[in-house]
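This report concerns only the one structure given below.
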Amino acid sequence: MEREEMKRIQKEMEKRLGDDWDVQPVTVNKVGGQREGLSCRYQEENMAVTVYPESCKVTLGEKAGAEEIGEYLAGIVEENRRPPIEVSRTAEDFRNRLYIQMVNADVNRELLKDAVYYQKEDMAAIARCRVGQEGGDVYSFLVTKENLSAFQMTEGEVLERAYRNTARQEFSLMSMEDIMREMFSAMASAPEDVEALERMIKENPFPLYILTNEERLNGANALVCPQVLQDAYETLGEPYYVLPSSTHEVLLVKESEGFSPEELRNMVSEVNISTVSPEDLLSFKIFRYDGRTLSAVKEETQTMTEAARKAKEHGFKLI
């Protein structure tokens, strides 16, 4: 989006939100790429709502003007304003709230320039700090070289603490069939629909298991928890492949199911390109756990540029 159009949208939002709001343009290194947005803070509150005008072109149409976009975004800002969050101020409080988020390294190379992270294959394990939660919304910030002093720790110590905190999370391993049953139950389907589902499962079993955390948010961080991987191995009773379906969960396939690595790799690639958003994109590789070690299944060529291409198609800026 052109700078002048962004300024016009900013003025429209300022007019509609009133003097109690401070609206400022920001460049945000988000998971998924760099984006241009407008940060909106109410009076002296410690939380701001950031909106991204470029995304409105999808919702409102390409012909939407500054006035329409400004009115739409002002409504979103007012709707998403939350009461001030009490943020812990001591170093120990910050340390106790550290955790790991797994992201795609290629898409997030700008974000990683200042982040505290460890790279594994085409993924990055970044350190984040949770500051609060309201309902289903979790508030956190990225640990960077700039805010590292708040923790009074080195980068290595931050990562170690984040790994330990992450390992204490509750994780779950469910079959795809059980997930489907759970979804049908939540929809309160009629008995005949449930019976139809059971027949379909019996005739076409799903050889996939979903590994995620209890919140089902950033649950792919199970990949950095050796005991979680070992527990899954003991439950499945054999080595298994890991398909990085998104930052929120991974899929497991028993080795005995007979899928070739190439078939699984194609499955991951197709889903990543057609379904997964850039901010949720995790990896184009597949992995194997043998009961001791998680390792990437090698191939002669890896599609490293697919992640960057996908992010650009969704309006993210890669530098």
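Owing to the predicted nature of the structure, the values given are computational and were not obtained by experimental measurement.
The CG atom of L223 lies 11.5 Å from the CD atom of E121; values are rounded to the nearest 0.5 Å. Separating the CZ atom in R292 from the CD atom in Q230 is a distance of 10.5 Å, to the nearest 0.5 Å. Taking CD of E71 as the reference point, atom CD1 of I9 lies at 13.0 Å (rounded to 0.5 Å). Separation of atoms CG (L229) and OH (Y289) is listed at 5.5 Å; rounding is to 0.5 Å. Note that CG of N165 is 10.5 Å distant from CZ of R130, once rounded to the nearest 0.5 Å. To the nearest 0.5 Å, atom SG of residue C40 and atom CG of residue D22 are 8.5 Å apart.
Under the side chain to side chain donor-acceptor pair (under 3.5 Å) criterion, N80 pairs with no residue, sequence neighbours left out. Listed by chain and residue number, nothing satisfies the ring-ring contact (aromatic ring centres under 6.0 Å, His included) test with Y241 (two or more places apart in sequence, or in another chain).
For K7, the NZ atom sits in a loose shell: 12 or fewer heavy atoms of surrounding residues, nucleotides or ligands are nearer than 6.0 Å. The environment of CZ in R164 is crowded: more than 12 heavy-atom neighbours from other residues, nucleotides or ligands sit within 6.0 Å. Within 6.0 Å of CD in E67 there are 12 or fewer heavy atoms belonging to other residues, nucleotides or ligands. Atom CD of Q43 has more than 12 heavy atoms from other residues, nucleotides or ligands within 6.0 Å. Around atom OH of Y118, no more than 12 heavy atoms belonging to other residues, nucleotides or ligands sit under 6.0 Å away. In the displayed structure, D19 atom CG is contacted under 6.0 Å by at most 12 heavy atoms of other residues, nucleotides or ligands.
Between S245 and V276, the closest side-chain pair of non-hydrogen atoms is not below 4.5 Å. In this structure the side chain of L38 reaches within 4.5 angstrom of the side chain of P53, judged on heavy atoms. Using a 4.5 Å heavy-atom threshold, the side chains of V116 and I126 count as separate. In this structure, T212 and F171 have side chains that are not in contact, with every pair of non-hydrogen atoms separated by 4.5 Å or more. Looking at heavy atoms from C-beta onward, R35 lies in side-chain contact with S55 at the 4.5 angstrom threshold. Proximity of K254 to P207: side-chain heavy atoms (C-beta onward) are nowhere separated by under 4.5 Å.
Of the possible polar contacts, one joining the E157 side chain to the T154 backbone as a donor-acceptor pair under 3.5 Å is found. The main-chain N or O of L217 is never found under 3.5 Å from a side-chain atom of H248 such that the two would form a donor-acceptor pair. Formation of a donor-acceptor pair under 3.5 Å by the N147 side chain with backbone atoms of T144 is found in this model. In this structure a side-chain-to-backbone donor-acceptor pair under 3.5 Å is missing from T293 to S295. Put simply, the side chain of N108 never gets that close to the backbone of E279: no donor and acceptor are under 3.5 Å apart. Of the possible donor and acceptor atoms, none in the side chain of D122 sits under 3.5 Å from a partner among the backbone N and O of D106. The backbone N or O of N218 lies less than 3.5 Å from a partner atom in the side chain of N221, making a donor-acceptor pair. At distances below 3.5 Å, not a single donor-acceptor pair connects side-chain atoms of E234 with backbone N or O atoms of D231. The closest donor-acceptor contact from the side chain of E54 to the backbone of E36 lies at 3.5 Å or more, if one exists at all.
N96 and R161 are linked by a side-chain donor-acceptor pair at a separation below 3.5 angstrom, with hydrogens and angles left out of the test. For the residue pair N272/S269, the side-chain donor-acceptor check at 3.5 Å is not satisfied. Using modelled atom types, one finds a donor on one side chain and an acceptor on the other under 3.5 Å when comparing S246 with E249. When only modelled atom types and interatomic distance are considered, R128 and S140 share a side-chain donor-acceptor pair under 3.5 Å.
Note on ring orientation: taking the six-membered ring where Trp is involved, the planes of F141 and F151 are tilted (angle from 30° to 60°).
The cluster map of Ile, Leu, Val, Met, Phe, Trp and Tyr, joined by side-chain heavy atoms under 4.5 Å apart, puts Y99 and V131 in different clusters.
Between E92 and R97 there is no salt bridge, since none of the side-chain N atoms of the basic residue sits less than 4.0 Å from a carboxylate O of the acidic one. Under the 4.0 Å criterion applied to side-chain N and carboxylate O atoms, R265 and E262 are assigned as salt-bridge partners. The pair E238-R288 does not meet the salt-bridge criterion, since no charged nitrogen lies less than 4.0 angstrom from a carboxylate oxygen.
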**Q.** Verdict with reasoning, E5 to R8, per side chain to side chain contact (heavy atoms under 4.5 Å, CB included)
**A.** CA-CA 5 Å; E5 185 177 8; R8 289 194 294 271; 3.7 Å; yes
**Q.** Check against side chain to side chain contact (heavy atoms under 4.5 Å, CB included), L173 and I210
**A.** CA-CA 6 Å; L173 178 65; I210 297 177; over 6 Å; no
Q: Evaluate side chain to side chain contact (heavy atoms under 4.5 Å, CB included) for L98 paired with V158, printing each intermediate quantity in order.
A: CA-CA 8 Å; L98 288 167; V158 163; 4.1 Å; yes
**Q.** side chain to side chain contact (heavy atoms under 4.5 Å, CB included) between S172 and N213, intermediate numbers included
**A.** CA-CA 6 Å; S172 67; N213 56 18; over 6 Å; no
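Between P239 and D290 the shortest heavy-atom distance is CB-CA, 4.1 Å.
Taking Ile, Leu, Val, Met, Phe, Trp and Tyr as hydrophobic and joining them when side-chain heavy atoms fall under 4.5 Å apart, one finds V26 in a cluster with V28, Y52.
Exactly one of I286, L294, V253 qualifies for a side-chain contact (heavy atoms from CB on, under 4.5 Å) with V242. That residue is L294.
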